[in-house]
Amino acid sequence: MRKLSWLFFLLVFVQTTTLLAQKSSIYTNDLKDYNRAVSLYKDNQYASAQFLFEKVKEVTKDDEVKSDCAYYDASCAVRLGHANADALMENFLEGYPTSSKSNQAYVEVAHYYFNQGNYAEALKRFEKVDESQLSAKDKDRFNFQKGYSLFSSNNKKEAKTYFNKVLKSDVYGSQAKYYLGFMAYEGDNYQEANKYFDQVSGDEKYAEKLSYYQADMSFKSGNFEKAIALGQKAMGKSNAQEKSELNKIIGESYFNLKKYNEAIPYLVAYKGKRGKWNNTDYYQLGYAYYKQNDFENAIAQFNKIIGGKDGVAQNAYYHLGESYLKLDKKQQALNAFKNASEMSFDAAIQEDAHLNYAKLSYELGNSYQSVPSVLLGFINKYPNNSSRPVVEKLLIDSYISSKNYKAALALLEKNKTPENKLAYQKVTFYNGLELYTDRNYSGALQMFQKSLANSIDAEFTARATFWKGETEYVLDDYNKSLLSFKQFAGMSAAAATPEYKNSNYNIAYAYFKLKEYDSAGDAFQKFIDKVKDDKTRVTDAYLRLADCRFVTTKYWPAMDAYNKVIELKSVDADYAYYQKAICNGFVGKNDKKIEELNSFLQAYLKSSYRDDALFELANTYVATNKQDSALKTYDRLISEYKNSAFTSRAILRQGLVYYNSDRNTEALVKFKKVAAEYPKTPEALEAVATARLIYVDSGKVGEYASWVRTLDFVAVTDADLDNDTYESAVKQYEQNYIAQAISGFRAYLSSFPNGIHALKANYYLAQAYYGEGQKDNALPYYQYVVNEPRNEFTEQSLARLGQILLDSGAKEKAIPVLARLENEADLSQNKVFSQANLMKSYYEKKDYANAVVYAEKVLNNPKIDDNIKSDAQIIIARSAMQTGDGAKAKAAYAKVLVIAKGELAAESLYYDAYFKNKENKFEASNTVVQKLAKSYATYRYYGAKGLVLMAKNFYGLKDSFQATYILESVIQNFADFPDVVSEAQTELNAIKGEEAKTNSSIK
């Protein structure tokens, strides 16, 4: 047993010894490779060392050796610059956090990232390093690199601490001093910066950079001469960006030394910050040009200063204004001075800018505010300014020249001093004219009366008297109108006025309206004798003279005057020819009358008097016992003019011809036709009465009674009561007892709604209500009349009905009434009335096609006045704009501009400028906008729209300041026109967006 035990022990010992020997042999081999790798590592043979470290790491079982191998593997990769070096080092630090080499690993990975330029990652590793474990040699590198990483991370305070640690280092000292100097430079500590820069100035590596910084520091310290010298020295050794900054330093130094000519090339060569200039950059270059009297280039720079709100901007805008003045660009100067006057950074500049703004506003007009308020604003703000007397004189003159009478009047009403009485007289007169043009006649009359109450200037007193008469005439107050015209004609100053030549003409018309035809004729004759160069009025005067003589039965003088109208080829020649033919009848020359009426029918195929002529010709044939010719002529009238007022009369007259020729059967046919087709008309009543005689004479009373019962307008048994009731109401009406007449006609219609006189009663009742201003009450009675067959009251009722519907806003209902009036009217003024209002009604309905059709009809009428002409052209223009027909709109607005006044003139001027802008005629467009601002400042809406156009024009002319300033002013001053403000804001945003690409001051 003992032997077995010993043997067993021996076997175990041998086996164990063998195993230990094997293990020791393996370990020894690993350690040998490891030591060899370390030796290679120390000999800088990193590739070979890395191979052995990786081999040992794979086979060794010793954790410490494995850890060291992982470190050295990563360290070799760092030194060899392998792409995975950082990952290997990170793996080591993660796998062996307690390794004695972890501190060195952090150092190495930090250096690795530093060398890669990844300073943020380097700084993270530097922060984990235990600096106390570093060798003196490693500390310098560590301190510099960590300092630079902090510098790159903008932690200047900490960076300074680490740079200071290596100031004495042979390797890193110069670099540290450079960066310490640079940080001092950036912090505007030029003394400390110079201290460090001086210490490295001998180092070739820093010499180039130092010249730039020292030039900049000299500039910022106010040593401009030195800045120029250093800047020029550094220029050749600098990169493009540094050259740009050096150009700015040198240019601004020359600028500050007032050497503007030398400054210009350097300021021009500056490229800006990140390719953009700021407002100060533009100002300096602009001012340099300004001081060299190069105003074009000065403007080109100043006007790029957009949205500036500081002393530099105020100064720039003031000198921009002066530059514009030097080049006679006054509208642009106005805007620049206005802007400078609204800034208070420099009081002297503000005051002088305000004075220039006020003077230019007077000279050019002002769309932002009334010229008087601009001038008054200056006087109030600067009462002691030496130019105050000049501005006060301009203020008085501006009341008239600006045509802003409403605002001027408001100012004058508050300041009724004796020296302002003349201005007040003129302003009220011109305001009256403006209101008259705008058809505000009651307002115009008040203004003329106010002007006359301040009679200082005899000529304006005379003119106000004349226009007071014109206004009274339009308001149908003919007695007062006549008195005013006579007063005017008797004034000694009247002869010098432009109204004087028409005084007899106006007096004549006032007499004419008062039905004093002898006096009217004499006044027309006086006008004809004195005035020769006004063909339109002279021709019309001959026509009215003829009518006056005709009415007063002076037929031979009437015919002479009518002949004159025909000779002058007037648009009324057809009327004159017809009237002359009628006169022959009155002087007992029926054969001549017949001859001329036939000549008239051959000569005037489209005359509106043809139905009159046919009726009169037929009647004359009857009077001269030419019944067959009469009957044929009546037939012609009935055939050609079915809707004429004479048609029912012609049929009645045919019946009477047959009756007087004992052709009773044929007569009855005609009388029954009148009664059936024209019931309730006077012709129908006469037809029934004459038919009764035929039936009675032939003993056929029963037939008559049966026929009459079919007529709802004849109540035989009540005829006497019917007549009496009607006659009573008519007498009240004729005696102008309107209230009683209304009551009487209403009583008649209540008792006899289908009575003999129902048509007349409805018409006269409507007229009475209309005359009393009770238009709504008149409406149903006019409606009754127009619903009846064509009669003598149809045309006037259609006109009045149309007017009532238009006045009440019922334009849809008015359209068919007006259309019917157009087709049935005999009077030219009613035709014009219907066409003009159809034109307007269709336009308001946005039925632009029909609006244009009627506008062209109106324009084709040679007898319309300028107001209606301008209305028609405006409708055509506006309709064309709505339908996108720019060419047609442009042509129409151009025609309006020739004749329009007031707001229509303002609108036309705006579109004249608008189309010029569309054609890129920016200067020409601006000229029109300036005229709009000066002559039509009252019409603020078009003034505001004109300013937006002006802004577009200036931007087209590359004047960014003018464009943006005008748009900003529109936005600030015209909030009551949101559509204009919206357009201005859109334009402003677009311009600023474009300009911000080159100007860093624009936000």
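Shown here are the salt bridge (charged side-chain N to carboxylate O under 4.0 Å, His left out) partners of Lys259, two or more places apart in sequence or in another chain: Glu225. In this view, Tyr893 and Tyr911 satisfy the ring-ring contact (aromatic ring centres under 6.0 Å, His included) rule, not counting sequence neighbours. Taking Thr964 as the reference, Ile306, Leu988, Ile991 meet the side-chain contact (heavy atoms from CB on, under 4.5 Å) condition, with sequence neighbours excluded. Residues meeting the side-chain contact (heavy atoms from CB on, under 4.5 Å) test with Leu355, sequence neighbours left out: Asp352, Lys359, Phe378, Asn385, Ser387, Val391. Remark: Glu919 pairs with Lys890, Lys921 by the salt bridge (charged side-chain N to carboxylate O under 4.0 Å, His left out) rule, at least two apart or across chains.
Nearest heavy atoms, Glu342 versus Tyr965: OE1-OH, 3.0 Å. Contact detail for Ile264 and Ala288: the closest heavy-atom pair is CG1-CB, 3.7 Å. In terms of heavy atoms, Lys243 sits closest to Met235 at CE-O, 3.2 Å. Heavy atoms only, all atoms of each residue included: Ala880 and Ala889 are closest at CB-N, 3.5 Å. Closest approach of Ile249 and Ser253 over heavy atoms only: O-OG, 2.7 Å. Among all heavy-atom pairs drawn from Leu267 and Gly251, the shortest one is CD2-C, 3.7 Å.
At distances below 3.5 Å, not a single donor-acceptor pair connects side-chain atoms of Asn356 with backbone N or O atoms of Ala353. In this structure a side-chain-to-backbone donor-acceptor pair under 3.5 Å is present from Ser341 to Lys338. Gln301 places no side-chain N or O within 3.5 Å of a backbone atom of Leu285 that could act as its donor or acceptor partner. For the pair Ser244 (side chain) and Ala240 (backbone), a donor-acceptor distance under 3.5 Å is absent. A donor-acceptor distance shorter than 3.5 angstrom exists from the side chain of Asn953 to the backbone of Leu949, with no hydrogens or angles considered. At distances below 3.5 Å, at least one donor-acceptor pair connects side-chain atoms of Ser908 with backbone N or O atoms of Leu904.
Checked against Tyr357 for a side-chain contact (heavy atoms from CB on, under 4.5 Å), the options Asn335, Leu334, Asn339, Leu375 give a single hit: Leu334.
Sequence neighbours left out, the pairs with a member in residues 314-343 that pass ring-ring contact (aromatic ring centres under 6.0 Å, His included) are Tyr287-His319, Tyr290-His319, Tyr317-Phe961, Tyr318-Phe337.
Note that the CG atom of Leu394 and the CG atom of Leu376 stand 12.5 Å from one another [nearest 0.5 Å].
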* To do: Show the numbers, then the answer: is there a side-chain contact (heavy atoms from CB on, under 4.5 Å) between Thr280 and Asp310?
  => CA-CA 10 Å; Thr280 301; Asp310 52 27; 5.7 Å; no
* Audit row: Tyr289, Val268, side-chain contact (heavy atoms from CB on, under 4.5 Å) steps and yes/no -> CA-CA 11 Å; Tyr289 281 127; Val268 169; 3.6 Å; yes
Could you walk me through whether Gln930 and Lys330 satisfy the side-chain contact (heavy atoms from CB on, under 4.5 Å) test, starting with their C-alpha distance in whole Å, then the side-chain angles of each, then the deciding distance to 0.1 Å, before giving a yes or no?
CA-CA 10 Å; Gln930 288 167 7; Lys330 293 180 179 178; over 6 Å; no
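Ring orientation note: the planes of Phe977 and Tyr941 are nearly perpendicular, at an angle over 60° on the 30°/60° scale.
Classification of Lys273 and Glu245 as a salt-bridged pair holds, one side-chain N sitting under 4.0 Å from a carboxylate O. Ion pairing between a basic and an acidic side chain is recognised when a charged N comes within 4.0 Å of a carboxylate O; Arg940 and Asp976 show such pairing.
You'll find the side chain of Met343 stays beyond 4.5 Å of the side chain of Gln350, heavy atoms only.
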